[in-house]
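Heads up, the thing below is written out as structure tokens.
Chain naming here is simple, since letters A, B, ... match the order of the sequence lines and numbering starts at 1 in each.
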Protein chains: 2
Amino acid sequence: MPLAPAVQQGRQKDSRTAILDAAERAFADLGFGGASIRAIARDADVNQAMIHYYYQNKDQLFSAVVARRSGEINTRRNLALDALFDGDIPTLEVLVEALLRPTIELGHDNERGGDAYARLIVSFNNSADDRSRRAATEHYDPIARRSIGAIMRVMPELEKAAAVRGYLFAISVALSVMAKTGRASRLSDGLCDDTDTEETVASVVAFACAGIRALANNKQK
Amino acid sequence: MPLAPAVQQGRQKDSRTAILDAAERAFADLGFGGASIRAIARDADVNQAMIHYYYQNKDQLFSAVVARRSGEINTRRNLALDALFDGDIPTLEVLVEALLRPTIELGHDNERGGDAYARLIVSFNNSADDRSRRAATEHYDPIARRSIGAIMRVMPELEKAAAVRGYLFAISVALSVMAKTGRASRLSDGLCDDTDTEETVASVVAFACAGIRALANNKQK
DNA sequence: GTCTATAGTTCGATAGAC
DNA sequence: GTCTATCGAACTATAGAC
């Protein structure tokens with residue numbers, strides 16, 4: 001009796017996500033160049049040739065890893081922005097929390113491997129090679145533009161250059177918090193462990209909002 | 001007539017720094033795993049075997065790259081801290097600027113290759129592999145502890161956990177500014193190019209100080 | 001879809017001549 | 001110190017059987 005198509009499809013999907021999960025960890029921990037398809041296949045418990053069958057080559061595998069996560073973050077952010085601006089203009093705190101929460105929560109979701117993607121996004125967000133630039137531009141520039149526009153609506157006195165800076169500064173803080181691996185607790189001798197998601201969100205939001213307001217007062221040029 | 005020792009020594013030193021410069025660019029652009037000793041040797045215009053002769057292996061070459069820059073930053077930061085606390089307690093703005101300026105200025109010093117090191121430091125500061133952790137712990141934890149202590153002296157009402165967070169947030173903003181490669185100007189349609197070092201320092205300092213003060217008001221736990 | 005086998009590169013590191 | 005030559009291992013990607 002041949003395998004039912006449903007079962008085959010189920011196994012396909014499992015293999016595909018197992019590959020993405022393993023690739024995400026590998027790219028995050030070893031970088032694109034340091035990660036090897038062989039090791040990813042071993043980690044995902046699939047045959048090496050399957051990775052080429054599903055994703056053709058290493059570059060497209062990398063793209064698939066980024067696309068999966070950015071899609072989720074962008075969807076959540078866009079929904080939050082839609083909801084925020086359908087009535088009164090929200091406060092800066094509410095807006096910034098809506099922007100940063102999806103990112104920080106994903107980074108704290110270790111069960112789903114969010115910690116690995118956190119390190120990965122920090123890496124390509126700060127790298128200058130073509131592959132990294134493409135990932136950032138393609139997957140994150142549109143939502144960045146919309147977010148900057150939202151900040152300017154909430155704080156009309158902020159010049160555009162300051163709003164861009166404020167957004168980038170806030171995101172960099174949120175990303176580094178996502179990717180931090182024991183550095184906070186090491187430096188504080190265990191006093192500050194960053195495990196508590198709500199406490200982390202509150203700290204980052206407070207820090208970023210005060211910073212953005214300071215950029216409004218601190219006249220540039 | 002044999003070569004004079006002075007000439008030989010001069011060439012040695014040039015080769016060593018040429019290797020470090022090329023390695024810094026390679027590690028920053030391609031990651032540790034993606035960089036190859038062969039390509040570094042080609043870029044530095046030295047024989048491949050010379051890299052092993054001077055630095056034994058890839059890991060020790062990486063260490064040497066990090067040590068060269070961190071030594072400079074740490075020296076400048078320690079001198080600044082010594083000077084700041086020999087009389088009255090400085091303001092938070094003065095302290096934060098003293099902490100961040102060496103880092104930001106190095107990142108803007110493209111002629112000396114500081115932009116490459118900027119990307120490199122962001123990379124290992126946010127990575128979880130042993131090599132990156134070792135680089136961060138060994139070269140930057142001591143000055144980080146001293147800096148956190150200084151922040152607490154300037155703001156006695158700040159709890160230690162908040163001071164640690166404030167320091168890490170401020171550093172992450174400064175580092176991401178160093179490493180940013182056209183993203184600010186792309187998102188602002190050229191309005192904000194981050195070429196002006198003084199303007200950048202002023203923005204980051206204003207943002208970070210306001211953020212740290214907000215952490216003091218925002219009672220944790 | 002799944003696998004083996006392998007072609008074709010490139011890598012880090014070393015040995016040894018000069 | 002500087003170089004060539006090379007070993008042995010790892011890599012990406014593909015061809016082709018089932």
Which nucleotide sits closest to the side chain of A:Lys58: C:dT14, D:dA13, C:dA13?
D:dA13
Between C:dT4, D:dA13, D:dT4, spot the one nearest the side chain of A:Ala49, thanks.
C:dT4
Rounded to whole angstrom units, what separation is found between the [atom1] atom of [X] and the [atom2] atom of [N]?
X	N	atom1	atom2	answer
B:Asp45	D:dC3	CG	C1'	14 Å
A:Gln60	D:dT12	CD	C1'	14 Å
B:Phe62	C:dA13	CZ	C1'	20 Å
B:Ile37	C:dC11	CD1	C1'	9 Å
B:Gln48	C:dG12	CD	P	7 Å
B:Asn47	D:dT4	CG	P	6 Å
B:Gln56	C:dA15	CD	C1'	16 Å
A:Ile40	D:dC11	CD1	P	10 Å

Contact nearer the 5' end of DNA chain D, comparing A:Ala35 with B:Tyr53:
B:Tyr53
Using a strict 4.0 Å threshold on nitrogen-to-oxygen distance, state whether B:Asp82 and B:Arg146 make a salt bridge.
yes
Is any side-chain N of the basic residue among A:Arg134 and A:Glu138 closer than 4.0 Å to the acidic one's carboxylate O?
no
Would you say that B:Ile37 contacts B:His52 through its side chain, given a criterion of any heavy-atom pair below 4.5 Å between the two side chains?
yes
May I ask you to verify if any side-chain N or O of B:Tyr54 is less than 4.0 angstrom from the OP1 or OP2 atom of D:dT2?
yes
Under 4.0 Å: is that the gap between some side-chain N or O of A:Ser36 and OP1 or OP2 of D:dA10?
no
Looking at every heavy atom in both B:Tyr117 and B:Ser70, which two are closest together, and how far apart are they?
OH-N, 4.0 Å
Side-chain donor/acceptor of A:Arg38 to base of D:dT12, under 3.5 Å:
yes
Does the plane of the ring in B:Phe27 sit parallel, tilted or perpendicular to the ring in B:Phe32? Use 30° and 60° as the thresholds.
parallel
Closer to the 5' end of DNA chain C via nearest nucleotide, is it A:Met50 or B:His52?
A:Met50
